[in-house]
Number of protein chains: 2
Amino acid sequence: MTKGEDTKQAILERASQLASRIGLETLTIGRLATEMGLSKSGLFSHFGSKEALEVQVLEFTAQDYRAKVVVPAFQMKPGLPRIQALFDNWLDWVTINTQEGGCLFVQAATELDDRPGMPRDYMEKWQQLWFETLAEAARRAINEGHLRADLDCDQFAFQFNAILFGYHNSQRMLKDPRAEGYARAAIAGLLAHSRA
Amino acid sequence: MTKGEDTKQAILERASQLASRIGLETLTIGRLATEMGLSKSGLFSHFGSKEALEVQVLEFTAQDYRAKVVVPAFQMKPGLPRIQALFDNWLDWVTINTQEGGCLFVQAATELDDRPGMPRDYMEKWQQLWFETLAEAARRAINEGHLRADLDCDQFAFQFNAILFGYHNSQRMLKDPRAEGYARAAIAGLLAHSRA
DNA sequence: GCCAGATAAGAACGATCGTACTATTGTGTC
DNA sequence: GACACAATAGTACGATCGTTCTTATCTGGC
């Protein structure tokens with residue numbers, strides 16, 4: 001990898017961290033440059049515009065998310081183990097993981113929902129993919145005989161995702177130590193009532 | 001009500017709308033002044049600081065929320081009718097209602113979670129109150145014999161709230177027309193499995 | 001070790017931010 | 001209707017925003 005590409009990746013990594021805490025809009029070229037020890041224009045020239053930076057931050061984070069949450073889960077056996085892994089990996093991603101400000105996608109989802117533009121377009125596409133991933137995992141669980149055949153997989157994906165959002169809020173805004181327990185119990189309940 | 005108090009209320013109403021769309025941070029004194037047909041300094045003098053404005057926007061919205069979501073629900077008979085009303089009223093608040101950018105509290109919760117200060121403090125206090133309100137409604141439902149006696153009311157509040165967040169996201173980011181159906185089904189499921 | 005091109009820095013731009021001050025206009029009271 | 005004071009406007013401030021353009025430094029292939 002060339003030198004320029006190297007620093008660009010480093011910038012995106014730092015930007016992803018920062019954006020998960022303060023948001024994409026509040027993330028500023030000047031501040032990011034200072035934190036990276038670069039000049040404003042030096043950093044800027046890697047992206048060409050603030051909007052392009054935002055999109056690439058989302059892309060970078062999506063790649064990380066795939067590698068740490070989705071791919072390991074799909075290496076598990078299909079069915080309940082895979083679904084449970086999706087949840088566990090996501091919990092690690094949000095809490096233990098690099099994402100010091102929680103999940104950037106949760107942050108960006110509410111920040112971008114009323115702000116048209118390329119970042120919003122990317123975010124919407126990504127979230128559709130995420131829901132499809134969840135629904136697909138549920139479909140495989142039906143095939144395995146783990147979940148009941150008449151389960152609405154889109155409904156399942158909705159509820160699974162809702163628990164993640166609920167956890168993220170209770171964990172980060174309320175700092176409620178019981179949040180993880182609540183989320184685990186909610187997932188367990190969802191799985192129990194979806195069983196064959 | 002004096003003249004100054006009158007315009008101040010009008011400012012807060014407009015600010016609440018705007019903030020629900022673009023966020024508290026992006027909400028700007030200059031832009032708000034322009035939209036209100038006031039001068040920047042004229043508007044500013046009502047609040048004294050940006051942070052104070054943000055807090056008062058949250059307070060204003062909380063008052064509205066109470067009047068449109070909580071109070072009408074608690075005028076319903078305790079138990080399931082009241083819980084169902086809390087959900088229905090919230091749906092109206094987010095979709096039909098004045099909140100053109102969705103629920104300001106959902107927006108502010110993710111925006112403020114990593115930003116210390118008085119707005120965050122107020123937001124946290126408010127959300128604790130909201131969870132307590134939900135748990136209290138569940139406790140009353142147990143007393144009425146509508147929900148089972150061993151129900152964990154805090155767990156119930158967590159899951160109820162999670163569904164609201166999930167709906168908010170699917171409705172506003174994905175613009176998924178099935179979002180309301182998913183949310184209604186999820187609430188129905190939660191109530192079914194909490195029944196006596 | 002030179003040289004082309006990649007990479008970064010520097011300086012400047014108009015715009016807008018929050019805030020402080022002063023001046024003007026409006027309102028309600030006697 | 002004059003007067004005290006509330007309400008709003010005007011102006012200016014330093015800081016920072018995203019972006020452009022020009023200049024300097026670094027890197028890798030011959």
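Residue numbering restarts at 1 for every chain, and letters A, B, ... go by the order of the sequence lines.
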Sort and list the pairs that fulfil side-chain hydrogen bond (donor to acceptor under 3.5 Å, both in side chains) and have at least one residue in residues 77-86 of chain B, not counting sequence neighbours. Gln84(B)-Asp88(B)
Taken to the nearest whole Å, CE/Met36(B) to C1'/dA7(D) is 14 Å
Testing Leu134(B), Ile83(B), Asn161(B) one by one against Phe156(B) for a side chain to side chain contact (heavy atoms under 4.5 Å, CB included), which residue passes? Ile83(B)
Who else is in Leu129(A)'s hydrophobic cluster (ILVMFWY, side-chain heavy atoms under 4.5 Å, direct or via others)? none
Sequence neighbours left out, what passes side chain to side chain donor-acceptor pair (under 3.5 Å) with Glu144(B)? Give chain and number order. Arg140(B)
Atom CD of Glu51(A) to atom C1' of dC17(D): distance rounded to whole Å? 16 Å
Every protein N/O within reach of nucleotides 4-7 of chain C N/O, cut-off under 3.5 Å:
residue	atom	partner	partner atom	Å
dT7(C)	OP1	Thr2(A)	OG1	2.7
dT7(C)	OP1	Gly4(A)	N	3.0

For Leu43(A) and dG10(C), what is the distance between atoms CG and P respectively, to the nearest whole Å? 14 Å
Rounded to whole angstrom units, what separation is found between the CG atom of Leu24(B) and the P atom of dG18(C)? 12 Å
Between dT22(C) (P) and Phe44(B) (CZ): distance, integer Å: 16 Å
So the salt bridge (charged side-chain N to carboxylate O under 4.0 Å, His left out) pairs with at least one residue in residues 28-38 of chain A (sequence neighbours excluded) are Arg14(A)-Glu35(A), Arg31(A)-Glu35(A)
Show me the protein contacts with nucleotides 11-17 of chain C, counting only N or O atoms at under 3.5 Å.
residue	atom	partner	partner atom	Å
dC17(C)	OP1	Thr28(B)	OG1	3.1
dC17(C)	O5'	Thr28(B)	OG1	3.1
dC17(C)	O3'	Thr28(B)	OG1	3.4

Can you list every ring-ring contact (aromatic ring centres under 6.0 Å, His included) pair that touches residues 14-42 of chain B, not counting sequence neighbours? none
Could you check whether atom CD of Gln63(A) has more than 12 heavy atoms from other residues, nucleotides or ligands sitting under 6.0 Å from it? no
If you find the nucleotide of DNA chain D closest to Gly48(A) and the one closest to Gly37(B), which residue's nucleotide is nearer the 5' end? Gly37(B)
Which angle, rounded to 10°, do you find between the first-five-pair axis and the last-five-pair axis of the helix from dG1(C)-dC30(D) to dC30(C)-dG1(D)? 10°
Residues joined to Met118(B) in its hydrophobic cluster, side chain to side chain under 4.5 Å directly or through other members, sorted by chain and number, are Val55(B)
Remaining members of Met76(A)'s ILVMFWY cluster at a side-chain heavy-atom cut-off under 4.5 Å? none
Residues forming a ring pair (Phe, Tyr, Trp, His ring centres under 6.0 Å) with Phe160(A), sequence neighbours excluded: none
Tell me every residue that passes ring pair (Phe, Tyr, Trp, His ring centres under 6.0 Å) with Phe158(B), counting only those two or more places apart in sequence or in another chain. Tyr182(A)
At 4.0 Å (heavy atoms only), tell me whether Leu38(A) reaches a base, stays on the sugar-phosphate, or touches nothing. sugar-phosphate
Please report the distance, rounded to the nearest Å, between CG in Asp6(B) and C1' in dG28(C). 15 Å
